[in-house]
Amino acid sequence: MNATVKLIAAIVLFVSITAPNPSTAQANSKIQRENNLIESIDSILHDQVINHQIPGAVILIKEGNHIIWKEAYGYTKKFDQFGKILPEAELMNKTNLFDIASLTKVVGTTTAIMYLADKQLISVNDSVSKYINAFNTAEKKAITIQQLLTHTAGLPEWYPMYYKSNNKAATYNLIAQLPLSYPIGKQRKYSDLGFTILGQIIEVVSGMPLDQFLREKIHEPLGMMHTMYNPLKNGNTLKIAPTSFGNPYEKRMVYEPALGFSKKEIDPLSWNGWRNYSLIGEVNDGNAWYANGGISGAAGLFSTIDDIQRLVDFLMQKDFNKSNPLISTKTIQQFLTMDQFNNGLGWMMDTTNSFLKGAPVGSFGHTGFTGTSIAVIPKYNISVVLLINRQQRGLLPTGEYYNLGPLRAQVIKAILKYCK
């Protein structure tokens, strides 16, 4: 346990001993449970940093309106491009801005679709072809917005769109032209392409660019003032946690058939726009950056721990105008109801996932490829937002990024122990 945690524990214990309270025993038990949770989380993340598994992390655990633990660990940049430890490194800060990767799907896109559905501007049962004419084909006209949200539309899981597109309009057209990979509605196959199209639907319905719509209709009303696309162009004043050095894993996805993503119609040598520098403030996701100008429904948002917590609080109905809510409770509940694949609309709800492992039914969250995650347990009125820039370490000798699954499972296990 580090010095900060020891000091907090000592202060809390002193107050509990000296302050008169009619429920002293109960209060002391609560304090001890909190201390045990803090010690567990502190040990998990501190060990990951000192053992050079991750460069750094920021975590926020909140129960009701009470923040149990909010802390930064390690460094924003600890490794050089070859994975060697730097002699000097900048400490991670609780206000650091992170590339939240696929958390964009829920922090941005899902919430926007929720908003449009709540205002009755769309229905999740609508066919995609109602808004995008290119989907009005024999193969795709049956696809619904709900199927895009639940990853059951049959679209390919991934495609290197930058080999054939360098702008948003061309990317939308390309996705519409790609053949389906799976039967519609029959199975869940996580697809970035589906959420890219959801971004297009938001633009068509609202008449606004995706980034503008999210800023004006979702993030600013929720007080998420540091949540944005392309922070280097949009007035960001916060330190940004680096992600990877270029896009080495995506390059592997194109070049190595063994990964299962290579496309026979793609010549890997036909495009060579790969970045060869440390990505700081540029979205890591290749399709978002190379083919969508940094703005996509699938990835691209940057955010802070506090901003993400504001969205979590809103979804848990802790902080909103009840007389004129941004989104009604009924619509929020609709999106957070499990389907036959044990997930909600946009949100993951399958508690076999490591970051939700063992959580009670009704829990929800999401993860991001850069190392970000949200886990919410409504039954216990508790949530954890964990932001890790795992890619800054670089690819491991296996050619993969460090697997955060076991770490996330440890974190949720500690939280569930506290709750029970």
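All values reported here derive from a predicted model rather than from experimental measurement.
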*Using distance alone, with no hydrogens and no angle criterion, decide if T137 and K140 have a side-chain donor and acceptor under 3.5 Å apart.*
no
*ring pair (Phe, Tyr, Trp, His ring centres under 6.0 Å) partners of residues 231-255, not counting sequence neighbours, each pair once*: Y249-F369
*If you look at every heavy atom in Y131 and S123, which pair is closest and at what distance?*
OH-N, 4.3 Å
*Are S127 and K141 close enough that some pair of their side-chain heavy atoms sits under 4.5 Å apart?*
no
*Search all heavy atoms of T76 against all heavy atoms of P242 and return the closest pair with its distance.*
O-CD, 3.1 Å
*To the nearest 0.5 Å, how far apart are OG1 in T243 and CD in E282?*
9.0 Å
*Closest heavy-atom contact between K251 and W274?*
CA-CH2, 3.6 Å
*Going through the checks in order, is the side chain to side chain contact (heavy atoms under 4.5 Å, CB included) test met by V107 and I374?*
CA-CA 10 Å; V107 172; I374 302 169; 4.1 Å; yes
*Could you tell me whether a side-chain N or O of E139 sits under 3.5 Å from a main-chain N or O of L180, the two making a donor and an acceptor?*
yes
*Got P209 and I295 here, is their nearest side-chain heavy-atom distance under 4.5 Å?*
no
*asked:* Is it the case that the side chains of E71 and H46 hold a donor-acceptor pair, with the cut-off being a distance below 3.5 Å and no angle test?
replied: no
*Please determine, by modelled atom types, if N36 and Q32 share a side-chain donor-acceptor pair under 3.5 angstrom.*
yes
*Around F82, counting heavy atoms of other residues, nucleotides and ligands shown, do more than 12 lie under 6.0 Å from its CZ?*
no
*asked:* Closer than 3.5 angstrom, by distance alone: can the side chain of N93 be matched with the main-chain N or O of T95 as a donor-acceptor pair?
replied: yes
*For atom NZ of K417, decide whether the heavy atoms of other residues, nucleotides or ligands shown that lie under 6.0 angstrom number more than 12.*
no
*Should the pair K77-E90 be classified as a salt bridge under the 4.0 Å nitrogen-to-oxygen rule?*
no
*From D285 CG over to L301 CG, what is the distance, rounded to the nearest 0.5 angstrom?*
11.5 Å
*Side chains of E203 and Y172, donor plus acceptor under 3.5 Å*: yes
*Has the side chain of D80 got a donor or acceptor atom that lies under 3.5 Å from a matching backbone atom of G83?*
yes
*Is S43 reaching over with its side chain to a backbone N or O of S40, donor-acceptor style, under 3.5 angstrom?*
no
_CG on D47 to CG on L407, rounded to 0.5 Å_ = 10.0 Å
*When you check the side-chain N and O atoms of K413 and Y418, is any donor under 3.5 Å from an acceptor?*
no
*How about Y290 and N247: does a side-chain donor come under 3.5 Å of a side-chain acceptor?*
yes
_Quiz question: by atom type and distance under 3.5 Å, do the side chains of S328 and T331 form a donor-acceptor pair?_
yes
*Indicate whether any N or O donor in one side chain lies under 3.5 Å from an N or O acceptor in the other, for K164 and Y159.*
yes
_Could you check whether Q53 and R393, counting side-chain N and O atoms only, form a donor-acceptor pair closer than 3.5 Å?_
yes
*Once you round to the nearest 0.5 Å, how far does CD1 of I201 lie from CG of L210?*
11.5 Å
*Looking at CZ of F364 and CG of L345, how far apart are the two atoms once the value is rounded to the nearest 0.5 Å?*
12.5 Å
*Would you say the side-chain atoms of Y182 and E157 include a donor-acceptor pair closer than 3.5 Å?*
yes
_Candidate pair I61 and K70, rule side chain to side chain contact (heavy atoms under 4.5 Å, CB included), full reasoning_ = CA-CA 6 Å; I61 303 171; K70 177 183 173 185; over 6 Å; no
*How long is the span from the OG atom in S262 to the CD1 atom in I266, to the nearest 0.5 Å?*
10.0 Å
_For a quick check under 3.5 Å, do Y163 and D267 share a side-chain donor-acceptor pair by atom type?_
no
*asked:* For L311 and T111: C-alpha separation, side-chain torsions, deciding distance, then whether side chain to side chain contact (heavy atoms under 4.5 Å, CB included) applies.
replied: CA-CA 9 Å; L311 176 66; T111 309; 3.9 Å; yes
*Between Q177 and N173, do the side chains contain an N or O donor and an N or O acceptor separated by less than 3.5 Å?*
no
*Modelled atom types, side-chain donor and acceptor of S383 and Q309, under 3.5 Å*: yes
*asked:* Looking at K105 and D192, is any side-chain nitrogen of the basic one under 4.0 Å from a carboxylate oxygen of the acidic one?
replied: yes
*Going by atom types only, do S244 and N284 share a side-chain donor-acceptor pair under 3.5 Å?*
yes
*Does V283 offer a backbone N or O that forms a donor-acceptor pair with the side chain of D99 under 3.5 Å?*
no
*Looking only at heavy atoms, what is the nearest atom pair of Y229 and A299, with distance?*
CE2-O, 3.7 Å
*Taking 4.0 angstrom as the limit, do R188 and D339 come out as a salt bridge?*
no
*May I ask you to decide if the ring planes of Y190 and H366 are parallel, tilted or perpendicular, using 30° and 60° as cut-offs?*
tilted
_Are more than 12 heavy atoms, taken from residues, nucleotides or ligands other than K357, located less than 6.0 Å from that residue's NZ atom?_
no
*Return the minimal non-hydrogen interatomic distance between L155 and S191, and the atom names on each side.*
CB-OG, 3.8 Å
*Does K119 NZ have over 12 foreign heavy atoms under 6.0 Å away?*
yes
*Taking atom types as modelled, find out whether K78 and H52 have a side-chain donor-acceptor pair closer than 3.5 angstrom.*
yes
*How about Y162 and T171: does a side-chain donor come under 3.5 Å of a side-chain acceptor?*
no
*asked:* Quick one, E216 with M208, criterion side chain to side chain contact (heavy atoms under 4.5 Å, CB included). Give me CA distance, side-chain angles, the key distance, then yes/no.
replied: CA-CA 10 Å; E216 294 183 7; M208 301 165 65; 3.4 Å; yes
*State, with a plain yes or no, whether a side-chain heavy atom of V124 is found less than 4.5 Å away from one of Q334.*
yes
*Just jot down the salt bridge (charged side-chain N to carboxylate O under 4.0 Å, His left out) partners of E400, sequence neighbours excluded, or say none.*
R252
*asked:* For Q120, is the CD atom crowded, meaning more than 12 foreign heavy atoms sit under 6.0 Å from it?
replied: no
*If you draw a 6.0 Å radius around OH in Y75, do more than 12 non-hydrogen atoms from other residues or ligands fall strictly inside?*
no
*What do the steps show when you test Q317 against T329 for side-chain hydrogen bond (donor to acceptor under 3.5 Å, both in side chains), and what is the final call?*
CA-CA 8 Å; Q317 305 292 284; T329 300; 2.6 Å; yes
*Do NZ/NE/NH1/NH2 and the carboxylate oxygens of D126 and K130 come within less than 4.0 Å?*
yes
_Under a 3.5 Å cutoff, is there a donor and acceptor pairing between the side chains of T227 and D307?_
yes
*Between the side chains of D350 and T352, does any donor sit under 3.5 Å from an acceptor?*
yes
*asked:* Using every non-hydrogen atom in the two residues, find where S296 and T196 come nearest and quote the distance to one decimal.
replied: OG-OG1, 3.6 Å
